[in-house]
There are 2 protein chains.
Amino acid sequence: MMELTRKGEYAIRGIVYLAGRPLDKVCLLSDIAAAVDVPPTFLAKIFQQFSKIGLVKSFRGTGGGFMLGRPPEKITLLEVVEAVEGPIVPNRCVAKIPDCERSNSCNVHPVWKRVQDEVRGALEAVTLKELVSEE
Amino acid sequence: MMELTRKGEYAIRGIVYLAGRPLDKVCLLSDIAAAVDVPPTFLAKIFQQFSKIGLVKSFRGTGGGFMLGRPPEKITLLEVVEAVEGPIVPNRCVAKIPDCERSNSCNVHPVWKRVQDEVRGALEAVTLKELVSEE
DNA sequence: ATAAAAAAGGATATAAACTGTCTTTTTAGG
DNA sequence: CCTAAAAAGACAGTTTATATCCTTTTTTAT
Ligand code: SF4
Ligand code: SF4
């Protein structure tokens with residue numbers, strides 16, 4: 001239960017790698033994919049999603065590639081995960097559009113709300129800066 | 001991401017309902033299913049899993065049915081969820097048999113460990129006793 | 001202009017997981 | 001023996017996950 005998908009895992013690996021590269025240079029998708037051991041075509045889809053919400057900037061054509069959209073300390077793990085996995089929703093009664101008519105009287109509901117808050121909090125507390133391996 | 005399945009949701013509803021019934025009487029599966037609005041055949045599978053690990057006691061034949069295996073205050077939500085969904089594993093590097101060769105040097109790994117602990121903690125802190133609607 | 005590089009977008013394919021149903025078997029009571 | 005009820009196993013439809021392939025668009029270099 002509650003398992004991150006490959007897509008989410010790949011997304012993190014990819015953007016963390018990018019955050020560890022010189023921030024003023026573009027990075028080839030194929031290089032990132034090779035470095036973090038992810039199928040390039042799959043990673044392409046992921047970075048397209050990143051690009052749409054500005055997490056990364058993309059440049060097409062010769063000399064193109066990807067750059068981080070913001071400084072690493074301004075990007076949280078929560079953003080990265082939600083970019084590709086959607087919102088953190090441990091049960092559908094805590095989704096934005098809740099889907100359970102029992103939620104008013106249900107004693108379990110607040111537990112899921114709590115779980116949601118804690119997970120979001122844990123992921124939001126971590127930025128890409130802290131995730132790049134410093135040595 | 002991290003969504004409880006129907007099975008998990010049904011499991012909770014079912015056993016919470018059972019915990020709210022007279023504890024010394026057996027309860028028909030069909031009655032539970034009707035009360036919590038779950039497909040009876042599906043709930044049957046769930047209660048079979050409960051029965052195997054002693055969360056509920058089952059009685060076959062005429063006059064049979066289900067009873068709670070332990071007092072409601074001795075059954076945590078975590079047990080119920082893990083009984084049907086398996087262990088809480090937000091990423092496969094925090095599973096019992098970890099499945100990532102990077103986990104030694106990975107900075108993301110401890111985050112998932114933390115998430116796992118917090119979710120488990122939140123679910124373990126709640127027992128069936130607190131979940132039955134008292135009125 | 002043209003050719004090449006690189007990302008964007010779309011269609012497709014396979015496998016796995018989820019959500020159930022159906023049938024048969026076992027157990028217990030009357 | 002007959003009936004009630006759970007256990008067990010097989011099966012099927014749907015959805016999600018995990019990719020891959022191909023074409024298009026954009027940009028740069030020659
Ligand atoms: S936990 Fe309660 S409110 Fe949430 S889906 Fe289940 S029944 Fe509905
Ligand atoms: S978070 Fe790190 S250790 Fe965990 S699966 Fe991803 S790379 Fe491996």
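For the numbers below, each heavy atom of this structure counts, side chains included, while hydrogens, waters and symmetry mates do not. Residue numbers start from 1 in every chain, and the chains themselves are labelled A, B, ... in the order their sequence lines are given, proteins ahead of strands.
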Checklist line | Full working for side chain to side chain donor-acceptor pair (under 3.5 Å) between S51(B) and Q48(B) | finding: CA-CA 5 Å; S51(B) 179; Q48(B) 281 170 30; over 6 Å; no
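- The separation between F42(B) atom CZ and dC22(C) atom C1' is 15 Å, rounded to whole Å.
- Shown here is R92(A), whose CZ atom has more than 12 heavy atoms of other residues, nucleotides or ligands within 6.0 Å.
- Projected onto DNA chain D by closest heavy-atom contact, L4(A) and F59(A) fall at different nucleotides, the more 5' of which corresponds to L4(A).
- The side chain of P39(B) has dG20(C) as its nearest neighbour among dA10(D), dG20(C), dG9(C).
- Look at CD on Q48(B): it is 15 Å from P on dT26(C), rounded to the nearest Å.
- At the heavy-atom level, T41(B) lies under 4.0 Å from base atoms of the strands shown.
- In this structure, F66(B) atom CZ and dT27(C) atom C1' are separated by 13 Å, rounded to whole Å.
- Residue S58(B) places at least one side-chain N or O under 4.0 Å from the OP1 or OP2 atom of dA7(D).
- Between the C1' atom of dT28(D) and the CG atom of L28(A) lies a distance of 14 Å, rounded to the nearest Å.
- Between R70(B) and E79(B), at least one side-chain nitrogen of the basic residue sits less than 4.0 Å from a carboxylate oxygen of the acidic one, meeting the salt-bridge criterion.
- Checked against dG20(C), dA8(C), dA19(D), the side chain of R6(A) finds its nearest nucleotide in dA19(D).
- Atoms CE (M2(A)) and C1' (dA17(C)) sit 17 Å apart, rounded to a whole Å.
- Summary of the strand contacts: T62(B) and E85(B) both lie near DNA chain C, and taking for each the nucleotide with the nearest heavy atom, the more 5' one is attributed to E85(B).
- Put simply, CG on D37(A) is 11 Å from P on dA19(D), counting in whole angstrom units.
- Counting any heavy atom pair closer than 4.0 Å across all strands shown, F47(A) reaches no nucleic acid atom.
- K7(A) comes within 4.0 angstrom of the backbone, heavy atoms only, and of no base.
- S30(B) comes within 4.0 angstrom of no nucleic acid atom, judged by non-hydrogen atoms across all strands.
- Spacing between atom CG of L29(B) and atom P of dA8(D) amounts to 14 Å, rounded to whole angstrom units.
- To the nearest angstrom, P of dA8(D) lies 7 Å from CZ of R60(B).
- Looking at heavy-atom distances under 4.0 Å, T5(B) makes contact with sugar-phosphate atoms alone, never a base.
- Residue E9(B) is tested with K7(B), R13(B), R6(B) for a side-chain hydrogen bond (donor to acceptor under 3.5 Å, both in side chains); the sole match is R13(B).
- Distances shorter than 4.0 Å separate none of the side-chain N or O atoms of Y10(B) from OP1 or OP2 on dT19(C).
- Among the nucleotides dA7(C), dA7(D), dC21(D), the one closest to any side-chain atom of K45(A) is dC21(D).
- Between P72(B) and L131(B), the closest side-chain pair of non-hydrogen atoms is not below 4.5 Å.
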